[in-house]
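For reference, the structure discussed in these notes is given below.
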Amino acid sequence: MTVLQHRFTAAQRVIHWLMAICILAMLFIGVGMVSTIEPKYLTLVSIHKPLGIAILVLALVRLALRLRYGAPPLPVKMAEPMKLGAYLSHYAFYLLMIGMPLIGWAMLSAAAYPVVLYGGVHLPSILPLSDSLHTLLWNAHYYLAFAFFALILLHLAAALFHALIRRDGVFEAMASLQR
Ligand code: HEM
């Protein structure tokens, strides 16, 4: 007999909430950074770069966990368009969680700016010096940040809809504290 999985694994739940905090912080740090020309710009950038790379590493671990352990099935009674919306939003999340940090890293590489993690640890450049590539990637990083914000708001609305109105266990699959 196959036992249906009702919750994500504990590791998947921990990484989900950890990443939620990191990504929200990143979006606000990013907006704070580009809204100031004061010296705190440098402090914010020096947090933004390593945190972004940490998000990239976490996203890759999360993708590996997802491929290994899968996900609980969506409720049978959920309408097909809603299920499709859920699947598409999950693909979009993975694309953004992996794409945003790579674009940030590539954008700095194209301008020959150093990508410094902590202390003297520098990441290698992943693109040759190019003004046009830098502009293209800067614009991508800028507009995708808005798309990321919008996706998070939609995701939050959907989570609340499941938790408070449908009460169908979808929210608990990611929020349960049980092992
Ligand atoms: C999930 C990961 C990331 C998110 C959500 C994110 C988000 C943002 C946001 C919201 C902005 C402000 C956009 C604007 O209004 O102009 C920004 C700017 C910036 N990001 Fe990221 N970012 C991420 C990863 C990275 C990484 C890994 C790097 C570099 C290694 C990076 C480098 C930068 C730089 C240099 C700017 C400022 C550009 C400027 O001063 O004009 N980002 N980011």
Quick one: list whatever passes side chain to side chain donor-acceptor pair (under 3.5 Å) with Ser35, sequence neighbours left out.
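So Ser35 forms no side chain to side chain donor-acceptor pair (under 3.5 Å) with any residue.
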Is the distance between the ring centroids of Tyr143 and Phe148 under 6.0 Å?
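For Tyr143 and Phe148, the ring centres are not under 6.0 Å apart.
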Is the His16-Phe8 ring centre distance short of 6.0 angstrom?
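Centroid separation for His16 and Phe8: 6.0 Å or greater.
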Mind checking the [atom1]-[atom2] spacing from [X] to [Y]? Nearest 0.5 Å is all I need.
X: Ser46; Y: Lys40; atom1: OG; atom2: NZ; value: 14.0 Å
X: His48; Y: Leu27; atom1: NE2; atom2: CG; value: 8.5 Å
X: Glu172; Y: Arg13; atom1: CD; atom2: CZ; value: 11.5 Å

Less than 4.5 Å apart, any side-chain heavy atom of [X] and any of [Y]?
X: Arg166; Y: Phe171; value: no
X: Leu60; Y: Ile98; value: yes
X: Ile53; Y: Lys49; value: no
X: His6; Y: Pro72; value: no
X: Ile152; Y: Phe93; value: yes
X: Gln12; Y: Arg66; value: yes
X: Phe161; Y: Met82; value: yes
X: Leu154; Y: Ser89; value: no

Determine whether [X] and [Y] fall in the same hydrophobic cluster, where Ile, Leu, Val, Met, Phe, Trp and Tyr are linked whenever their side-chain heavy atoms lie under 4.5 Å apart.
X: Tyr142; Y: Met97; result: yes
X: Phe28; Y: Met100; result: yes
X: Phe146; Y: Met33; result: yes

Would you name the heavy atoms of [X] and [Y] that are closest together and state the gap between them?
X: Thr36; Y: Gly32; result: CG2-O, 3.3 Å
X: Ile103; Y: Leu137; result: CG2-O, 3.5 Å
X: Ala92; Y: Leu151; result: CB-CD2, 3.8 Å
X: Met19; Y: Ile55; result: CE-O, 3.7 Å
X: Leu44; Y: Ile29; result: O-CG2, 3.7 Å

Matching residue for Leu144 among Leu95, Asn139, Leu96 - test: side-chain contact (heavy atoms from CB on, under 4.5 Å)
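Testing Leu144 for a side-chain contact (heavy atoms from CB on, under 4.5 Å) against Leu95, Asn139, Leu96 leaves exactly one candidate, Leu96.
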Just wondering, more than 12 heavy atoms not from [X] lying within 6.0 Å of its [atom1]?
X: Tyr94; atom1: OH; result: yes
X: Ile37; atom1: CD1; result: no
X: Leu177; atom1: CG; result: no
X: Lys83; atom1: NZ; result: yes

May I ask you to decide if Leu133's main-chain N or O and Trp138's side chain share a donor-acceptor pair within less than 3.5 Å?
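It does not hold such a pair.
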In residues 106-123, what donor-acceptor pairs under 3.5 Å come from side-chain atoms, sequence neighbours left out?
unit_1, atom_1, unit_2, atom_2, d
Ser109, OG, Trp105, O, 2.9
Ser109, OG, Ile126, N, 3.0

